[in-house]
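Here the structure comes first, spelled out in structure tokens, and everything after it is commentary.
This one's a predicted model, so the numbers in the text were calculated from it and none came from an experiment. Every chain is numbered from 1 and lettered A, B, ... according to where its sequence line falls, protein lines coming before strand lines.
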Amino acid sequence: MSVLAIENLSATLSGRRVVDGVSLTAGKGSFTGLIGPNGAGKSTFLRACLGLVPASGAIRLDGTDLSALRPAQRARHLAYLPQEREIAWAMSVEAVVALGRLPHHARFAAPSQRDKAATEAALTRMDLCAFRHRAVTSLSGGERARVLIARALAQETPVLFADEPLAGLDPQHQIALMRLFRELAAEGRIVVASMHDLTLAARWCDRLLLLEGGHAHAEGRPEDVLTARTLEDVYTVEAFIGTAAGGLIVQPVGLSQKKKEENHG
Amino acid sequence: MIIRSHHRASLACLAAACLALFLLSLTIGPADIRFSDSLQALFGSGDDLMVLVMQEIRLPRALLGLLVGATLGLSGAALQGYLRNPLAEPGLIGVSASASLGAVIAIYTGLSALFVLALPLLALLGAMLAVLVLQTMAGMDGRPLTVILTGIAISSLAGAMTSLVLNLSPNPFAATEVMFWMLGSLTDRSMPHVWLMLPFTALGWLLLLRLGRALDALSLGPDVAASMGVDLGRVQRLAVLGTALSVGAATAVAGAIGFVGLIVPHLLRPLVGAQPSRLLPASALGGAVLLLSADILVRVIAPDRDIKLGVLTAIVGAPFFFWLVWSHRRTGL
């Protein structure tokens, strides 16, 4: 049983402690949602796990300390989907997806059969085969997002970290993406994604980690984390929480009474 | 927009064009020598004067065209890839300006009149100093913006110092010589220039050509590149040192030749499917093709007037720059 264990992770950016002693355990086949207000430290938490910002604490996958690995080795365990969908040049869809194979082959080596198969599988899975020769810069936002997900899939890692993958997508793409993450987890991967849509988080994630001011405010099953009390404390909003179509609906409807008083005071 | 890359065929065509232009460059000059005679003379057989012209004048000129052109094209492609900015070029990081300052000091102090290689050596020293400052300022964080800003500051300072030297020059001839040198040219260079340049050029190329995969990964941004195992500090060192060594040596020998490093990667990007790693060798060949053509052109258009190479590349390059800005404005990139 693979387990990703993040213990007591802290990260400091320009003298400010942005992530402070956050721990998370995610088992094989799980999809964890990372939620919390803007500036709660979600992105920095993910970036710190990936070694993109200096951090203290331990990140273990099946007991292997990932932070002690060389970056290229770590890249075979962890794939990262950042919030920015930046692609600098008008490369073809296929070429961008194939970039995901970089951590797997030696410098100057030609792509192996395995590399080609992984690229092909990622293209097929994201329904991009018809686009393979198109320039990524000519695609719509949703299509471009699919290309970048395919790139991360081609990396064939047991763990996928996604930073606000739902941002800027229409409802159809959002639901398709959550379904994909569920499927990836069902295949035995560990998926951790930060998001702001609480209903989608509640309906699709197994567990939620709620961050506030760099601390873990709550962690557990969605119905336990997303309570009216917590939402008021952390997001300072009043929320409608109900059940419909076989799942939770969490819809913020106004600023909390506490917040209103602060504003008036 | 469909991309079907024919990059192998493109590379072969560029290499063939490069070879043809190199041979053409060898056979063009004021001395009237037949093509077959000139090639024989190149290898030391035939008339003594002809052998001298071929081996001491035309061969170094053609070789320098090849080396300088390839350097400018390669470093332009590498810097555009590293900085993820289509407007980047070798002059941007302050190496050309600092090399120019070194050369200008050599001319001003009269050292270049005493010792032929004083000029390229001081120019190289200038380039190395620029890199030292750049590395100290930009540090190890590998952030492109720091490199650009430091490069602009170095360029401005070196430019101001060059102006000061011109300003203080008591001798109008020295000032004219400085001006002409700064326009960039391959005229009157000799084999020692080639030998002086070669080790730095070779080392610089080696560093830049190792960037390929990292530049591909960087197309998706520094975070994704780092998450795929790319060491951003190493990428910065390779890009900055490689550019400094090769462009420093090129400027030391040929003066400041602008726009080649900017234009060539742009022209060739569509041919290689915009993939930065494939653009590196293509741009090196393309830079050589462009500079050899320009150097042939200055000899053909006005054989008696010695039009400077840098003037010609700027006259062709500046309108291209306008077009570039215009098309980027239209596509909103």
Side-chain angles (χ1 to χ4, degrees), chain A residues 43 46-47 49-54 69-109 131-139 144 147-148 151-152 154-155 157 160-161 163, chain B residues 1-7 77 80-88 140-142 144 209-235 238 265-266 268-281 327-328 331-333:
Chain A
S43 296
L46 292 176
R47 287 162 51 83
C49 291
L50 286 147
L52 299 177
V53 292
L69 293 180
R70 292 203 353 261
Q73 286 176 309
R74 180 163 50 202
R76 290 178 209 159
H77 296 90
L78 282 178
Y80 174 52
L81 199 58
Q83 192 178 348
E84 297 79 24
R85 301 195 182 111
E86 179 187 349
I87 305 173
W89 311 110
M91 290 158 72
S92 73
V93 168
E94 191 175 8
V96 170
V97 174
L99 287 180
R101 300 306 296 167
L102 274 183
H104 292 274
H105 50 82
R107 188 169 299 160
F108 301 122
F131 292 93
R132 65 170 68 227
H133 296 299
R134 287 268 298 274
V136 277
T137 41
S138 69
L139 302 179
R144 193 188 278 226
V147 173
L148 293 175
R151 198 285 305 157
Q155 208 170 327
T157 53
L160 172 66
F161 281 178
D163 194 2
Chain B
M1 188 171 160
I2 298 288
I3 292 180
R4 285 192 197 280
S5 156
H6 303 287
H7 82 282
Q80 289 184 8
Y82 165 58
L83 300 171
R84 286 173 297 128
N85 188 330
L87 301 181
M140 303 308 231
D141 66 352
L209 286 169
R210 290 175 64 187
L211 278 170
R213 279 157 48 96
L215 295 188
D216 283 351
L218 267 175
S219 341
L220 302 181
D223 277 356
V224 174
S227 82
M228 287 198 284
V230 171
D231 178 350
L232 298 178
R234 175 180 169 272
V235 173
L238 286 179
H266 275 281
L268 298 180
R269 195 164 277 124
L271 289 183
V272 297
Q275 202 158 336
S277 59
R278 291 175 176 177
L279 189 58
L280 293 178
S327 64
H328 274 269
T331 55
L333 260 174

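Rounding to the nearest 0.5 Å gives a distance of 12.0 Å between CD of A:Glu84 and CG of B:Leu220. The line from CH2 of A:Trp89 to CG of B:Asp216 is 11.5 Å long, rounded to the nearest 0.5 Å. Once rounded to the nearest 0.5 Å, the distance linking CG of A:Leu46 with OG of B:Ser227 reads 11.5 Å. How far CG of B:Asp223 is from CD of A:Gln83: 11.0 Å, rounded to the nearest 0.5 Å.
Contacts between A:Leu99 and chain B at a heavy-atom distance below 4.5 Å involve backbone atoms as well as side-chain atoms. Interface residue A:Arg151: only side-chain heavy atoms are found under 4.5 Å from chain B. Contact annotation for A:Gln155: only side-chain heavy atoms (C-beta onward) come within less than 4.5 Å of a heavy atom of chain B. Of the two parts of A:Leu148, only the side chain, counted from C-beta on, holds a non-hydrogen atom closer than 4.5 Å to a non-hydrogen atom of chain B. Contacts of B:Asn85 with chain A are made by backbone atoms alone, with heavy-atom separations under 4.5 Å and no side-chain atom involved. With a threshold of 4.5 angstrom between heavy atoms, A:Arg47 approaches chain B through side-chain atoms but not through N, CA, C or O.
Heavy-atom minimum distance, B:Met228 versus A:Ala75: C-CB, 3.6 Å.
The side-chain heavy atoms of B:Pro276 and A:Met91, taken from C-beta on, include a pair separated by under 4.5 Å.
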